[in-house]
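Heads up, the thing below is written out as structure tokens.
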Amino acid sequence: MSNKPQNVKGMRDHLPQAMLLRQYIISTLTGVFERYGFEPLSTPVVEHAETLEGKLGEDEKLIYRFEDHGGRRLALRYDQTVPLARVVAQYGGELAPRMPWRRYAIGQSYRGERNQKGRYREFWQADVDIVGSASPLADAEIVAVLTDGLSALGFPEFTTMLNHRQVIGGIARVSGLDEGAAGGVYRAIDKLDKIGPDGVRQALLDFGVSAEAAGRILSLVLLEGSAEGVLKELSGQLATDERALAALDNLRAIITALGELGVPASRYTVAPRLARGLSYYTGLVFEAITPIWPEGAILGGGRYDELIGLFSGKAVPTVGLAFGIDRLHDVMEALNLGPRPATTAHVFVSIFGEAQLAESLQLARELRAAGVNVVTSLEVGNVGKQFKEADRKGVPLVLVLGPDDVARGEVVIKELASGNQRSIARSAVVQELMK
RNA sequence: GUGCCCGUAGCUCAAUGGCAGAGCACUUGAUUGUGGAUCAAGGGGUUGUGGGUUCGAAACCCAUCGGGCACCCCA
């Protein structure tokens, strides 16, 4: 530790190669969010510990807590959702004209888990929420943003699994379970993809669920196929449970709106097995999955109509989702998606010799003023070495202003990848490179 | 948070108790108007860190920091 510095466990450095892709992801998603009229919000990563406490259920043990110099009990934010709730309560009047408020927030959150691939103690999320609307249109719009976002990033294959908290609740109730037992049952169900139907059956029996009830739960949870078909089957099976029927109506309305928003039916399924851990969800829940990332969801979200009311005292219906930037990055890396520039500079301006120094820097200035990313040599002379530097750094173009070129009023532009070079008029260079 | 595996040059790895090495990368030169290929030379290490065992430790033991995997949970 003393000689070789190391990062803090689970907290990662992002070197330029990684950052270029991460910034692409962030700017692409930002573009999608703003096309839907979402507005940016930024809050500190540090909150009062009590702001985060009492919102997350068992996950609270993962919160980073500490005391500051003044003895205040503080915590690093666990997600962007609870801070959003705080902001809505704190600035209610100021935000009122924006309601229903579409807001996005991109930044890091912290969870004290043991890290694994795709799971870090500091991680970035792009969080998108619609605050102050209970309309199924809002739920559908969030799913549409999800679909557009992944499409804009170039994901070829992904599916969003949709479910509703009261469908899961209904399954538990018609199987004769009380609400108290439901939590463990949801967790068992959520593992279906990992442990298989028999594993879930065993887990249910271990929870004390009767064999008959376990069989019934399994048959419901295993339903799949077209969204329409699954909804119809669930309606029959859950006919005695009013809340579940209302939930199914809600899902139908959301799916109808999805169609109107242009989300193709191939992009989503109704999946009764989807539970999701966060305790604050009250309605729609969803997760996007992609076949090449079996480790888990690359994003997830849902409706949480009560969380924001915990601070403000009145219910503020809200639906939202979080893109996991780190997982998106890992998947895109694996699939070779997105642009892969080696560096930010597009043009390397070499400096032939002392006599050409001013002339070369002047050209660089003009290019920058025109919006071209330019790096200049910091060494004067030895053009061969300068070419080597440009090549090593991955800058695509090298400009040479040698004595002969300057005398002719020309500049040599060489494209390193192809090796092609040509000489063009000095006066035309800026125009040429702006293309 | 629990369990298991791992940490040697910038990177990938070798050396299993007895001289710390290779490939790639990097620097310089062959090449004073042009990178990549080739050839030659060179720099680079307290073997993550601290302690212990031993005549002798990269190797064995303990602790610690970091990485990976499975639980758990999730983005």
Side-chain angles (χ1 to χ4, degrees), chain A residues 1-13 15 17 25 56-63 78-81 106-128 146 183-184 186-188 190-191 194-195 274-279 281 285-289 293 295-301 320-331 348 350-353 356 377 380-407 411-421 423:
Chain A
M1 182 87 177
S2 56
N3 280 341
K4 254 186 196 173
Q6 279 181 315
N7 55 298
V8 174
K9 193 182 189 72
M11 314 267 181
R12 303 185 303 155
D13 299 308
L15 298 183
Q17 192 184 6
I25 293 170
L56 302 166
E58 285 189 22
D59 290 342
E60 274 196 33
K61 57 181 189 236
L62 302 179
I63 295 176
Y78 174 93
D79 61 16
Q80 302 252 34
T81 307
I106 298 174
Q108 52 274 75
S109 297
Y110 300 84
R111 296 180 192 180
E113 301 182 280
R114 199 168 279 193
N115 43 292
Q116 249 174 76
K117 194 172 292 292
R119 173 171 138 175
Y120 309 100
R121 291 185 167 188
E122 177 186 66
F123 59 98
W124 281 65
Q125 286 181 321
D127 202 68
V128 184
L146 176 176
Y186 298 162
R187 276 197 290 280
D190 205 34
K191 276 186 257 177
K194 192 171 277 183
I195 62 179
L274 177 66
R276 291 190 59 73
L278 287 179
S279 49
Y281 291 117
V285 291
F286 58 86
E287 271 181 20
I289 53 170
W293 188 261
E295 284 85 354
I298 48 178
L299 60 80
L321 77 91
F323 288 83
I325 306 269
D326 304 274
R327 289 181 182 180
L328 287 175
H329 181 278
D330 288 349
V331 175
F348 185 101
S350 65
I351 298 175
F352 192 90
Q356 292 76 30
S377 176
V380 177
N382 196 348
V383 178
K385 200 172 163 188
Q386 297 182 34
F387 267 87
K388 206 163 190 168
E389 179 184 344
D391 184 49
R392 174 163 38 86
K393 292 180 173 173
V395 185
L397 301 175
V398 176
L399 267 43
V400 180
L401 294 82
D404 300 347
D405 311 304
V406 172
V411 173
V412 171
I413 301 178
K414 179 161 184 172
E415 187 187 17
L416 291 185
S418 64
N420 296 335
Q421 74 174 46
S423 198

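Proteins get letters first, then strands, A, B, ... in listed order; numbering begins at 1 in each.
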Considering only [options], which nucleotide approaches the side chain of [X] most closely?
{"X": "A:Q116", "options": "B:C72, B:G66, B:G33", "answer": "B:C72"}
{"X": "A:K117", "options": "B:G33, B:C69, B:G67", "answer": "B:C69"}
{"X": "A:N7", "options": "B:G33, B:C73, B:G67", "answer": "B:G67"}

Pairwise [atom1] distance for [N] and [M], with rounding to whole Å:
{"N": "B:U27", "M": "B:G68", "atom1": "P", "answer": "30 Å"}
{"N": "B:C11", "M": "B:A30", "atom1": "P", "answer": "31 Å"}
{"N": "B:G44", "M": "B:U34", "atom1": "C1'", "answer": "29 Å"}
{"N": "B:G18", "M": "B:A59", "atom1": "C1'", "answer": "12 Å"}
{"N": "B:U46", "M": "B:G7", "atom1": "C1'", "answer": "16 Å"}
{"N": "B:G21", "M": "B:A9", "atom1": "P", "answer": "14 Å"}
{"N": "B:U54", "M": "B:G48", "atom1": "P", "answer": "23 Å"}
{"N": "B:U47", "M": "B:A20", "atom1": "C1'", "answer": "8 Å"}

Go through A:V411 and A:L401 one step at a time and tell me if the side-chain contact (heavy atoms from CB on, under 4.5 Å) criterion holds. CA-CA 5 Å; A:V411 173; A:L401 294 82; 4.1 Å; yes
Quick check on [N]: is either OP1 or OP2 less than 4.0 Å from any side-chain nitrogen or oxygen of [X]?
{"X": "A:N115", "N": "B:G68", "answer": "yes"}
{"X": "A:N382", "N": "B:U31", "answer": "no"}
{"X": "A:K385", "N": "B:U28", "answer": "yes"}
{"X": "A:R114", "N": "B:G68", "answer": "no"}
{"X": "A:Q421", "N": "B:U34", "answer": "no"}

Length of the line joining A:I63:CD1 and B:C74:P, which is rounded to integer Å: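 Those two atoms, CD1 and P, are 14 Å apart.
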Give the rounded distance in Å between these two atoms: NZ of A:K388 and C1' of B:G29.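 Rounded to the whole Å, the gap is 10 Å.
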Testing the basics here: between A:G301 and A:Y281, what is the closest heavy-atom pair and its distance to 0.1 Å?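 The answer is CA-OH, 3.4 Å.
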Looking at A:K385, A:R392, A:K393, which one forms a side-chain hydrogen bond (donor to acceptor under 3.5 Å, both in side chains) with A:E389?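 Of A:K385, A:R392, A:K393, side-chain hydrogen bond (donor to acceptor under 3.5 Å, both in side chains) with A:E389 is met by A:K393 alone.
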Touch check for A:G353, heavy atoms < 4.0 angstrom, all strands: base, sugar-phosphate only, or nothing?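 Nothing, no heavy atom under 4.0 Å.
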